[in-house]
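Encoded as structure tokens, the structure appears first; notes follow it.
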Amino acid sequence: MTIQRRGNPKIPDANGIEKKIKRGNALRQASAWRVSRGSLLVVVVALAVVGTLTWLYLASGDPYTTETLVRQAEVVAQTRVYTVDCSEDYENYKRYPGCTPKTCGRAITDNSVTREEAMALRRLAERGLALAGSDGGASILDLHSGALSMGKQFVNIYRYFGEQITDVFSEEDFRLYREVRGRIQAVIAETFDLDPSLLYLTKPTFFSRINSTLAKTQHDEYWHPHIDKVTYGSFDYTSLLYLSDYGTDFTGGRFIFMDSNGNRTVEPRAGRVSFFSSGSENLHRVEQVSWGTRYAITVSFTCDPAHAISDPAMPITSV
């Protein structure tokens, strides 16, 4: 039996001291965590408030908010029309009754050109642009004038390549191009209630190939906002036929109408035709392509017969 003497203090062992130290550390850590957790809660609440205010601000009509008029996955079987007030641009030019815009706007349809036809036209563009192409990110091929991007300049494919051009294009290519152009003209006339015989093809009308390569010249900087009627006085109606798909063949490259109360965006889809009156009511730009390659055809129309151009034809070569 062990006898404990009265009056002498009990001396704790080393294990007891260590346990007390650990309990003290745990209490201090718990206290610190309570402070840290409180600070974190304040941060989370602050972020939530900022996020809510940002959402309310954007929802209330921030001018930079983008509204998507049509997404790539949608199929617009019946022409979708968005009316806007006409600008005064047309007052600076001779008016042509039955053609000059009285009602302005923009429209989209997937029912004028099939995807198969769009793919055939894309292959035409790929063959033509394979002959050269811009050093920058934007190349054009104009079957009407023969203009083709080559490095930092343009050449005339019909003169530069001569008889070799018949190895690149066929009569069937030009026939399809003319048929599609005619259908685009018809849907523009129907939508804007025009006399189609008073609407003329004008220049520039061309294929475009855009990728993410850095711009080398001003011609490569396709993304700047512009007004077609201001840039090309002859334009009264502008259309784009897309030959590739946004999100699959490329990203970026959406078409953006820049309105005073926000942006309206069209996502390209092969076979989709987007068209609009060419004045200041339709200030627009193309978003920079960030990945892949975007193919399209710009088809332009005028009411002024003095600025009309003819459909392209397969060059006649000597036998």
Side-chain angles (χ1 to χ4, degrees), residues 109-134 138-150 153-190 196-210 232 234-245 249 268-275 293-302 304-319:
T109 182
D110 294 329
N111 200 33
S112 292
V113 182
T114 68
R115 286 182 66 84
E116 292 73 21
E117 290 171 328
M119 291 296 99
L121 289 169
R122 173 173 164 175
R123 290 191 292 272
L124 185 165
E126 289 173 335
R127 292 195 304 273
L129 288 162
L131 297 173
S134 169
S139 300
I140 72 160
L141 168 65
D142 184 340
L143 293 181
H144 301 266
S145 68
L148 172 68
S149 300
M150 180 177 281
Q153 58 186 0
F154 296 92
V155 297
N156 185 309
I157 54 171
Y158 301 129
R159 290 201 298 265
Y160 193 88
F161 295 99
E163 294 184 3
Q164 297 175 19
I165 206 68
T166 58
D167 298 326
V168 180
F169 304 128
S170 68
E171 182 56 49
E172 176 64 18
D173 292 330
F174 283 83
R175 183 195 62 77
L176 175 61
Y177 181 89
R178 291 191 296 267
E179 285 186 4
V180 165
R181 193 278 303 164
R183 273 182 256 152
I184 293 173
Q185 180 170 343
V187 74
I188 291 174
E190 179 182 6
S197 67
L198 299 178
L199 192 61
Y200 304 94
L201 189 66
T202 193
K203 62 181 180 181
T205 287
F206 56 91
F207 289 89
S208 60
R209 181 186 68 193
I210 303 174
Y232 310 101
S234 61
F235 278 37
D236 289 299
Y237 302 92
T238 308
S239 69
L240 292 107
L241 167 60
Y242 297 109
L243 308 180
S244 51
D245 291 320
D249 298 313
R269 172 187 174 90
R272 172 166 292 163
V273 179
S274 173
F275 55 97
T293 305
R294 175 191 190 270
Y295 285 92
I297 309 176
T298 298
V299 187
S300 314
F301 295 94
T302 184
D304 186 350
H307 290 281
I309 62 173
S310 301
D311 282 318
M314 190 69 182
I316 299 174
T317 59
S318 58
V319 180

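Only this structure's heavy atoms are used, side chains among them; waters, hydrogens and symmetry mates stay out. Everything quoted here is computed from the prediction, not taken from an experiment.
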- request: State whether the number of non-hydrogen atoms from other residues, nucleotides or ligands found under 6.0 Å of Tyr160 atom OH is greater than 12.
  value: no
Step by step, would you call Tyr237 with Ser300 a side chain to side chain contact (heavy atoms under 4.5 Å, CB included)? CA-CA 6 Å; Tyr237 302 92; Ser300 314; over 6 Å; no
Heavy-atom check, side chain of Ser145 versus side chain of Lys203, under 4.5 Å: no
For a side chain to side chain contact (heavy atoms under 4.5 Å, CB included) check, start with the C-alpha distance between Ile157 and Leu141, then their side-chain angles and the critical distance, and finish with the verdict. CA-CA 9 Å; Ile157 54 171; Leu141 168 65; 3.8 Å; yes
Glu179, CD atom: more than 12 neighbouring heavy atoms under 6.0 Å:
yes
When rounded to the nearest 0.5 Å, the distance separating OH of Tyr200 from NE2 of His307 is 12.5 Å
Carboxylate-amine/guanidinium proximity below 4.0 Å for Asp311 and Arg181:
yes
Item checked: Side chains of Val299 and Leu240 in contact at under 4.5 Å (non-hydrogen atoms) -> no
Assess whether side chain to side chain contact (heavy atoms under 4.5 Å, CB included) is satisfied between Ile297 and Phe206, documenting all intermediate values. CA-CA 6 Å; Ile297 309 176; Phe206 56 91; over 6 Å; no
Smallest heavy-atom separation, Pro315 atom then Ile165 atom, equals CG-CG2, 3.8 Å
### Task
Could you tell me whether Glu117 and Arg183 make a salt bridge, using a distance below 4.0 angstrom between a side-chain N and a carboxylate O?
yes
Between Val113 and Ala118, the two heavy atoms sitting closest are CG1-N, 4.2 Å
To the nearest 0.5 Å, atom CD of Gln153 lies from atom OG of Ser134 at 11.0 Å
*Any side-chain heavy atom of Ile140 within less than 4.5 Å of one from Ser149?*
yes
- Could you please spell out the steps behind the side chain to side chain contact (heavy atoms under 4.5 Å, CB included) verdict for Leu199 and Ile188? CA-CA 9 Å; Leu199 192 61; Ile188 291 174; 4.0 Å; yes
Thr302 and Leu201 have their tightest heavy-atom pair at CG2-O, 4.5 Å
d(Thr202 OG1, Phe301 CZ) to nearest 0.5 Å is 10.0 Å
Residues pairing under salt bridge (charged side-chain N to carboxylate O under 4.0 Å, His left out) where one sits in residues 235-244, two or more places apart or in two chains, turn out to be Lys229-Asp236
Counting N and O atoms only, with roles assigned by atom type, does the side chain of Thr298 sit under 3.5 Å from a partner on the main chain of Thr205, one being a donor and the other an acceptor? no
Original post:
If you measure from the Lys or Arg side-chain nitrogens to the Asp or Glu carboxylate oxygens, is any gap between Arg269 and Asp249 under 4.0 Å?
Top reply: no
For Arg209 and Ala132, the nearest pair of non-hydrogen atoms, with its separation, is NH2-O, 4.3 Å
query: Taking the inter-plane angle between the rings of Tyr177 and Phe207 on a 0 to 90° scale, is it parallel (under 30°), tilted (30 to 60°) or perpendicular (over 60°)?
result: tilted
Item to complete: Output yes when Asp245 and Arg115 qualify as a salt bridge under the 4.0 Å nitrogen-oxygen rule, no when they do not.
Response: yes
CG of Leu148 to CZ of Phe161, rounded to nearest 0.5 Å, is 6.0 Å
Can you tell if the side chain of Gln164 reaches within under 4.5 Å of the side chain of Leu131, non-hydrogen atoms only? no
Between Asp173 and Val168, the two heavy atoms sitting closest are OD2-O, 4.2 Å
Nearest heavy-atom approach of Met150 to Val155 is SD-CG1, 3.7 Å
**Message:** Counting C-beta onward and ignoring hydrogens, is there a side-chain heavy-atom pair between Tyr295 and Thr293 closer than 4.5 Å?
**Reply:** yes
Q.
Do Phe174 and Leu143 make a side-chain contact, defined as non-hydrogen atoms from C-beta onward lying under 4.5 Å apart?
A. yes
* To do: Output yes when Arg123 and Glu126 qualify as a salt bridge under the 4.0 Å nitrogen-oxygen rule, no when they do not.
  => no
Interatomic distance, CD1@Ile184 vs CG@Leu241, rounded to 0.5 Å, equals 5.0 Å
